[in-house]
Amino acid sequence: MKIAFNNVVKNYGSVNALNGVSFTIKPSEFVFLVGSSGAGKSTLIKLLLAQIKPSSGEININDQDLNSFRKKELDEHRRKIGVIFQDYQLIVDKTIEENIALALDISGYPQNQIKSRIDEVTTLVNLHHRQNQFPSQLSGGELQRAALARALAPNPEVILADEPTGNLDNENSWNLLRLFKKINQKFGTTILMTTHNQDFIDSLKYRTIIIDDGLIVKDLPTKES
Ligand code: ADP
């Protein structure tokens, strides 16, 4: 999926959350989105999911204006995006397997392939042995890997991760980041991740968009290593 923001402004009443933001993300790119609290990161993610609309400017998905999408196209667009949050957002009274099955069911995944797909993604995130357990039985690192498995299961083109390591210790944060890297390389999934972790940014050399007060102040390209 090619994503282009073209001079996007978003106001909430008198609050200017985004003040004219332009960037393009190519299919299969890995991008860190960095900015302090209130900078506009979540607003950008919500715009991309079409949960809110820009006040002005345009968001183009594969060169088509997102604002022109009808319900069917919007549903298709959202199905191409897997989302992960800082607080996991797993359903607490369902097992990991059931959580992933629900996501697959909603995405219209072929019923007779759901079980094997769950096995595949839980193996990928090293949770195959825990898939019959409930969220309350898992550690923070395991919960976030389960949330990643759920986001990845329907084969999204893009994974949006909003501070996914915000509640994790250093070791679990790196484990998760290595998985994101693997998914990006192996499946060509576009990754857009908001983070405060400067070590990630320095170590991985991926493109880094820095946003401050609703404006992009830096857009540092992926460094060749
Ligand atoms: P970040 O994710 O970088 O912390 P946000 O996108 O959540 O930033 O917020 C950007 C600005 O917009 C902040 O000033 C925030 O207070 C404001 N804001 C976000 N959502 C709303 C809302 N629903 N109503 C009013 N103001 C909002």
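One-based numbering, in listed order, for ligands and for the atoms of each.
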Taking the cut-offs as 6.0 angstrom to the six-membered ring centre and 45 degrees off its axis, would you call Lys10 and Tyr12 a cation-pi pair? yes

Could you check whether any side-chain N or O of Arg117 sits under 3.5 Å from a backbone N or O of Ala153, counting only pairs where one atom can act as donor and the other as acceptor? yes

Numbering as shown, the atoms of ligand 1 that approach Ala39 to under 4.0 Å (heavy-atom distance): 1 (P), 3 (O), 8 (O)

Residue and atom name of the nearest protein heavy atom (relative to atom 7 (O) of ligand 1), distance in Å to one decimal: Ser42 CB, 3.7 Å

Could you list the atoms of ligand 1 found under 4.0 angstrom from a heavy atom of Val15? 12 (O), 14 (O), 17 (C)

Is it the case that ligand 1 has an N or O less than 3.5 angstrom from some N or O of Ala17? no

Find all atoms of ligand 1 within a distance of less than 4.0 Å from any non-hydrogen atom belonging to Lys41, and give their numbers and elements. 1 (P), 2 (O), 3 (O), 4 (O), 6 (O), 8 (O)

Among Gly35, Gly40, Gly214, Gly13, the residue with a heavy atom nearest to atom 8 (O) of ligand 1 is Gly40

For Ser37, counting its heavy atoms only, list the atoms of ligand 1 lying under 4.0 Å from any of them. 4 (O)

Just verifying a value: how many Å separate Leu179 CG and Asn184 CG, rounded to the nearest 0.5 Å? 12.5 Å

Can a donor-acceptor pair be found between the side chains of Gln111 and Asp105 at a distance below 3.5 Å? yes

Under 3.5 Å between some N or O of ligand 1 and some N or O of Lys46? no

At less than 4.0 angstrom from any non-hydrogen atom of Ser36, what atoms of ligand 1 do you find? 3 (O)

In Å, rounded to the nearest 0.5 Å, how long is the span from CD1 of Ile25 to OG1 of Thr190? 8.0 Å

So which bit of Thr43 gets within less than 4.0 Å of ligand 1, heavy atoms only: side chain, backbone, both or neither? both

Hey, are Asp63 and Asn60 close enough side-chain-wise for a donor-acceptor pair under 3.5 Å? no

Atom 22 (C) of ligand 1: which protein heavy atom is closest, and how many Å away? Tyr12 CD2, 3.5 Å

Please tell me whether Leu44 and Phe32 are part of a single hydrophobic cluster in this structure, the criterion being side-chain heavy atoms less than 4.5 Å apart. no

When you check the side-chain N and O atoms of Ser22 and Asn7, is any donor under 3.5 Å from an acceptor? no

Is it the case that the side chains of Asn175 and Arg145 hold a donor-acceptor pair, with the cut-off being a distance below 3.5 Å and no angle test? no

How far is atom 11 (C) of ligand 1 from its nearest protein heavy atom, and which residue and atom is that? Gly38 O, 3.7 Å

Less than 4.0 Å between atom 16 (O) of ligand 1 and some protein heavy atom, yes or no? no

